[in-house]
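What follows is one structure encoded as structure tokens, with my remarks underneath.
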Amino acid sequence: MEATAANRCAHCGAKAHNTCSGCNISAPKYYPDEITTVVYCNVACQWKNWSIHKDHCLLMQRRLKLLRAAQIMKAALLMLREYTFDLGLTGVELRGNVYYVHGRPLATKLCTFPDGITNIYLKEALLLYGQCEFAIPLLVESAFRLLEETPPTRKLVTVVKEAVDIRYTFYEKRVTLLHSVLEVALKNEKWIVDVTGSQSGFREIIVPFDQYMRERVILVDCVEPANYSTWRRLHEAIGPVDNRVPAHQLTEIARSQFSDFIQKHFGTGTTQAAVEDFVSGTTETFQGMLNRFLEELKQYVLEITGLY
């Protein structure tokens with residue numbers, strides 16, 4: 001890994017500002033003081049340094065793909081929940097710096113998310129509350145295709161820390177959360193992808209493995225990732241869904257349809273090149289593709305909810 005100063009040429013050490021186009025990206029840091037962007041004073045220095053820089057450049061690109069894959073998965077899940085919200089929310093009050101969320105864990109019917117809540121972090125926490133068990137089965141198809149070079153491993157972790165700024169009053173006592181995440185290896189690095197961490201106040205969507213385990217977890221169990229249809233068969237064998245509550249039935253329909261949508265876009269019927277295009281390219285290109293994907297998903301979800 002290169003350790004040059006942010007404004008010094010990686011080859012000759014002179015002052016420089018020309019960044020490498022391959023890794024001039026917002027790749028997440030694995031170490032707090034890591035310099036991820038490399039600069040050169042001219043093209044000649046860049047060519048001479050390529051044999052040294054190549055591994056770093058490719059690693060930064062892989063990190064960016066991992067981040068974007070996680071962003072796609074989280075954004076898709078949030079869009080689904082936006083229009084199939086099943087939390088029995090009766091009110092939210094701010095006391096000091098803490099939000100107290102009142103209601104019940106499951107409503108009797110689905111609805112769209114309330115318009116009055118504008119704090120983005122609180123909104124994400126409420127949308128993702130109680131979704132970690134379903135998130136990985138729902139999104140595992142996209143995870144494997146988006147991360148084909150480094151297929152993830154699912155881990156079931158016991159989260160020891162909750163948010164200091166959100167309290168759910170559904171329970172008299174605070175409960176320890178069982179939480180599903182994905183572990184991904186990039187070369188000599190290990191990362192955790194946590195698309196539902198917002199429910200517990202964790203805003204980072206990907207976190208270095210050691211940091212995640214140190215700060216959030218007391219127990220780990222490795223579980224083989226399964227897609228949604230497999231997950232449903234396993235859970236139906238344990239016990240059927242409680243169909244006495246209409247929201248249960250409608251949620252299952254929405255999840256099943258959502259799984260079909262994800263399969264359509266990231267399943268084996270889609271070329272790997274098309275999937276690769278989604279997580280590569282400039283920030284503007286990625287954001288444009290993500291916006292179009294989410295708009296199509298929104299229309300799809302609205303059609304599903306229209307059947308209700």
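Predicted model only: the values in this text are computed from it and were never measured. Below, each value reflects all heavy atoms present in this structure, side chains not excepted, and no hydrogens, waters or symmetry copies.
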> Between the side chains of Q287 and N291, does any donor sit under 3.5 Å from an acceptor?
Replying inline: yes
> Which atom names give the shortest non-hydrogen contact between C20 and C57, and what distance separates them?
Replying inline: SG-SG, 3.8 Å
> Do you reckon V39 sits in the same ILVMFWY cluster as W50, going by side-chain contacts under 4.5 Å, direct or chained?
Replying inline: no
>> Walk me through whether L290 and I72 qualify under side-chain contact (heavy atoms from CB on, under 4.5 Å).
In response: CA-CA 7 Å; L290 179 59; I72 293 168; 4.1 Å; yes
> Which class fits the ring pair H53 and H56: parallel under 30°, tilted 30 to 60°, perpendicular over 60°?
Replying inline: tilted
> Ion pair present between K74 and D194, side-chain N to carboxylate O less than 4.0 angstrom?
Replying inline: no
>> Is there a path of hydrophobic side-chain contacts, each under 4.5 Å between heavy atoms, that joins L58 and I52?
In response: no
> Charged N to carboxylate O below 4.0 Å: is that the case for E124 and R81?
Replying inline: no
> Within a radius of less than 6.0 Å around CH2 of W47, do more than 12 heavy atoms belonging to other residues, nucleotides or ligands occur?
Replying inline: no
>> Ring centres under 6.0 Å, that's the criterion: do Y30 and W191 meet it?
In response: yes
> Is any side-chain heavy atom of L89 less than 4.5 Å from a side-chain heavy atom of V101?
Replying inline: yes
> Do the side-chain N and O atoms of E295 and Q299 include a donor-acceptor pair separated by under 3.5 angstrom?
Replying inline: yes
> How are the rings of H265 and F293 set to each other: parallel, tilted or perpendicular (split at 30° and 60°)?
Replying inline: perpendicular
> How about R63 and L67: do any of their side-chain heavy atoms sit closer than 4.5 Å?
Replying inline: no
>> In terms of relative ring orientation, are F85 and F113 parallel, tilted or perpendicular, with 30° and 60° separating the classes?
In response: perpendicular
>> Can you tell me how the ring of Y168 sits relative to the ring of Y129, calling it parallel under 30°, perpendicular over 60° and tilted otherwise?
In response: tilted
>> Can you tell whether the side chains of K264 and E296 come within less than 4.0 Å, N to carboxylate O?
In response: yes
>> Can you confirm whether more than 12 heavy atoms, excluding those of Y121, are under 6.0 Å from its OH atom?
In response: no
